[in-house]
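Comments concern the structure below.
Just the heavy atoms: all of them, side chains too, but no hydrogens, waters or symmetry mates, feed the values below. This chain uses plain numbering: 1 for the first residue, then up along the sequence.
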Amino acid sequence: MDAGLGDVEVLVEYPVPLSSYRVDALLCGVHPDTGEPSYVAVELKQWSEASAIADTEDLVLIESMRDNVARLHPVAQVRRYCDHIADFTESLHGHEHRIGGAAYLHNATDDNVRPLFAFPSDAYGQLFTGSSRDNFQRYLAERLAPMSGSEAADALRPEAVSPSKRLMAVAADEIAERGHFNLLDEQQIAYSLVMRAVKKARQAEFKEVIVVIGGPGSGKSVIALELLGELYRNGVPALHATGSKSFTITLQEVAGGDDTRVRNLFRFFNEFDKAPKNGIDVLICDEAHRIREPSRRPAKHIRGYRRQVEALLDAAQVPVFLLDEHQVVRPGERCDVAVIDEAAQAMNLPVRHVELNAQFRCGGSRAYEEWVLRLLGLRPGGPVPWGGDDRFTVQVAETPQELEAVLRSHQEGGEQARMTAGFCWPWSDPMVDAGRRFIGLVDDVSLPEWGWARPWNVKGERSIGGYPSKNLWATDPAGSSQVGCIYTAQGFEYDWNGVILGPDLVWRDGTWIANRNASEDGAVAGASPEDFYYLIRNTYKVLLTRGMRGTVIFSTDQETREMLRGLVGGC
């Protein structure tokens, strides 16, 4: 109002497309020079002072808050919002110059936040304070004319969401730089079926669902990345989604590198709850067994409610699901082929299935995968002796020290090794001193009977003290000294795999006994006895099938160790 821009439209708490973030205020109007629609994203901060954190580029500290928590520089924050809005809003594709960004610290003076001005500014990010209010008004007047902005606001309708061609071009280059994947047999069939469905959908009103089923290491994620690269090279809007934070962040690192915009093409299932019908050409749902199903479905009269699988089916012209039915490890994540088929049938959508028979993890040993399924009662017939396989090694350790020694020997030989365990021990925050400086990780996985204890992987989102964040534990070389849990191991692979079976699953009188009281995973332990028995066996199935060269197994229960030793023998 003070700048004479009272007719500009203000969208408060504007949702950033396909994310849970919101812009404090998005100003919509007309550019005073070009007459084009013009937008300014404004990030408002009540900070009265702030300082930059040494040796970081974009982190700041607010001493008055006394929580010693690092925060993103507000210019970096609003710049990311602008980038994201420009990349995923159709009306801005090819017109990215129409949006600008500003961080306004209205309670601060320039002097009180002087270190923040060292951060570079550009069209997507400018910094203003209460003492530079006149400068802020001039900035707004340079981008917005004193006239109605209602048409500009209407053009920014949130339902028109898809990645821009410039973003897809960058993504295609990023993925190409990381090398093409060699698709084999059923992998190529799945790829070709998706590309066929895309072609038909572009030629006519056509929608088809592709479901790809495969065990650990069968190449599901390889198919997903190869599809993304080819779709982006051909200018076809596509997104990748999973239900795993660790898996998604790792894919962002692998496929997106340092380009934040490419990383944003990798999303989460819950970001499509309110997505418009067929709003994107292709949605690739990797690790689809993690699609959530609420324990109690809301009453039918609740307007707009959709199950997560229905929202994902609705979101794209060609929905693609890649899943392993034996990797369901949490209550509420019970998606299988039948669930997808049933939902698609209710929506009158045709479904094509592709079974991936090849095995690339576990040394290509289908015999080992079958052995694990039989061992855990996930395949009928009961446990059978391990017959050996030249491509894969199975060992049973008598002590945790022996398990760790085997892994260490392979690590010293240049191979990648990780140890994991059932969630039977608490997971503590890192130890810090009075000044909140890092001291070390807590040795939570404690086995006093053997005089052995090790820490879980880092609990937080950031690396600390030389240890990788929980999301990068499986891929960062520094992760080998910590024990991973199901939530950091699922979806990943490494050469050598050490697994500690805890007291939550033990062998008694020819059958498995699941003990909910031994679990420290509150979500799973709270399930019914039947569900817990199903979930805990799936959990160990996932942990036991992460290795590509071999697996070393140790159980904290003597009777279980004896059973395993009887099956594995000297192999």
Side-chain angles (χ1 to χ4, degrees), residues 3 5 8 10-17 19-29 31 38-65 67-89 92 95-144 156 166-167 170 252 256 258-264 461-462:
L5 301 174
V8 165
V10 183
L11 305 181
V12 180
E13 294 288 325
Y14 180 80
V16 178
S19 82
S20 59
Y21 299 109
R22 292 177 178 270
V23 178
D24 289 335
L26 186 63
L27 310 183
C28 309
H31 196 281
S38 185
Y39 306 96
V40 178
V42 182
E43 178 64 23
L44 298 167
K45 297 295 185 188
Q46 299 185 55
W47 307 342
S48 57
E49 47 73 34
S51 59
I53 296 180
D55 300 321
T56 68
E57 295 181 354
D58 55 4
L59 299 181
V60 300
L61 199 62
I62 315 303
E63 293 181 7
S64 61
M65 294 186 179
D67 56 9
N68 205 35
V69 173
R71 288 172 169 80
L72 189 63
H73 194 294
V75 171
Q77 185 177 355
V78 75
R79 180 181 293 157
R80 282 167 169 76
Y81 292 164
C82 289
D83 255 329
H84 202 78
I85 293 170
D87 277 333
F88 287 93
T89 304
L92 292 176
H95 306 287
E96 291 82 7
H97 61 278
R98 290 179 176 176
I99 187 168
Y104 184 37
L105 281 58
H106 47 87
N107 287 339
T109 65
D110 285 1
D111 288 339
N112 287 347
V113 295
R114 184 67 62 186
L116 271 61
F117 282 95
F119 189 82
S121 60
D122 58 19
Y124 280 1
Q126 302 277 332
L127 178 63
F128 302 96
T129 71
S131 66
S132 57
R133 190 166 179 268
D134 291 345
N135 293 337
F136 184 38
Q137 290 183 11
R138 281 193 291 272
Y139 167 78
L140 295 178
E142 289 171 358
R143 297 197 62 94
L144 299 164
L156 223 61
R166 68 164 186 160
L167 176 55
V170 173
Q252 290 173 339
D258 295 327
D259 196 303
T260 303
R261 294 177 305 155
V262 177
R263 294 161 71 99
N264 286 333
E461 303 289 337
R462 295 181 178 275

*Indicate the atoms forming the closest heavy-atom contact of L156 with Y14, along with that distance.*
O-OH, 3.2 Å
*Fit a plane to each ring of F119 and H73, take the angle between them on a 0 to 90° scale, and name the class: parallel (under 30°), tilted (30 to 60°) or perpendicular (over 60°).*
parallel
_Does R114 have more than 12 heavy atoms from other residues, nucleotides or ligands lying within 6.0 Å of its CZ?_
yes
*CH2 on W47 to CG on L116, rounded to 0.5 Å*: 7.0 Å
*From Y139 OH over to S132 OG, what is the distance, rounded to the nearest 0.5 angstrom?*
13.0 Å
*Using the side-chain contact (heavy atoms from CB on, under 4.5 Å) rule, take D58 and L72 through it: C-alpha gap first, then chi angles, then the decisive distance, then the call.*
CA-CA 6 Å; D58 55 4; L72 189 63; 3.8 Å; yes
*Between T109 and S131, is there a donor-acceptor pair closer than 3.5 Å when you use the side chain of the first and the backbone of the second?*
no
*Parallel, tilted or perpendicular: rings of H97 and H95 (30°, 60°)*: perpendicular
*State, to 0.1 Å, how close P115 and A52 come at their nearest heavy-atom pair, and which atoms those are.*
CB-N, 4.0 Å
*Would one find more than 12 heavy atoms of other residues, nucleotides or ligands at under 6.0 Å from atom CD of E13?*
yes
*Can any side-chain N or O of D24 pair as donor or acceptor with the backbone N or O of L44 at less than 3.5 Å?*
yes
*Does some side-chain heavy atom of V113 sit less than 4.5 Å from a side-chain heavy atom of V60?*
no
_On a heavy-atom basis, which atom in Y124 and which in V78 lie closest, and how many Å separate them?_
O-CG1, 3.7 Å
*Enumerate the residue pairs fulfilling salt bridge (charged side-chain N to carboxylate O under 4.0 Å, His left out) with a member in residues 116-126, sequence neighbours excluded, ordered by first and then second residue.*
R79-D122
*Report yes if the side chains of P15 and R22 come closer than 4.5 Å at any heavy-atom pair, otherwise no.*
yes
*At what distance, to the nearest 0.5 angstrom, does CG of L105 lie from CZ of F136?*
10.5 Å
_side-chain contact (heavy atoms from CB on, under 4.5 Å), paired with C28, selected from L144, V40, L11, I99_ = L11
*For the pair R80 and D83, find out whether any cationic side-chain nitrogen is under 4.0 Å from an anionic carboxylate oxygen.*
no
*Taking N107 for its side chain and Q46 for its backbone only, find out whether a donor-acceptor pair lies under 3.5 Å.*
yes
*Does the side chain of D110 come under 3.5 Å of the side chain of T129 through a donor N or O and an acceptor N or O?*
yes
*Atom CG of L127 and atom OG of S121: how far apart are they, to the nearest 0.5 Å?*
8.5 Å
*Start with the C-alpha gap between R71 and K45, add the side-chain angles, then the distance that decides, and say whether side-chain contact (heavy atoms from CB on, under 4.5 Å) holds.*
CA-CA 12 Å; R71 288 172 169 80; K45 297 295 185 188; over 6 Å; no
*Check: I85 main-chain N/O paired with T89 side-chain donor or acceptor under 3.5 Å*: yes
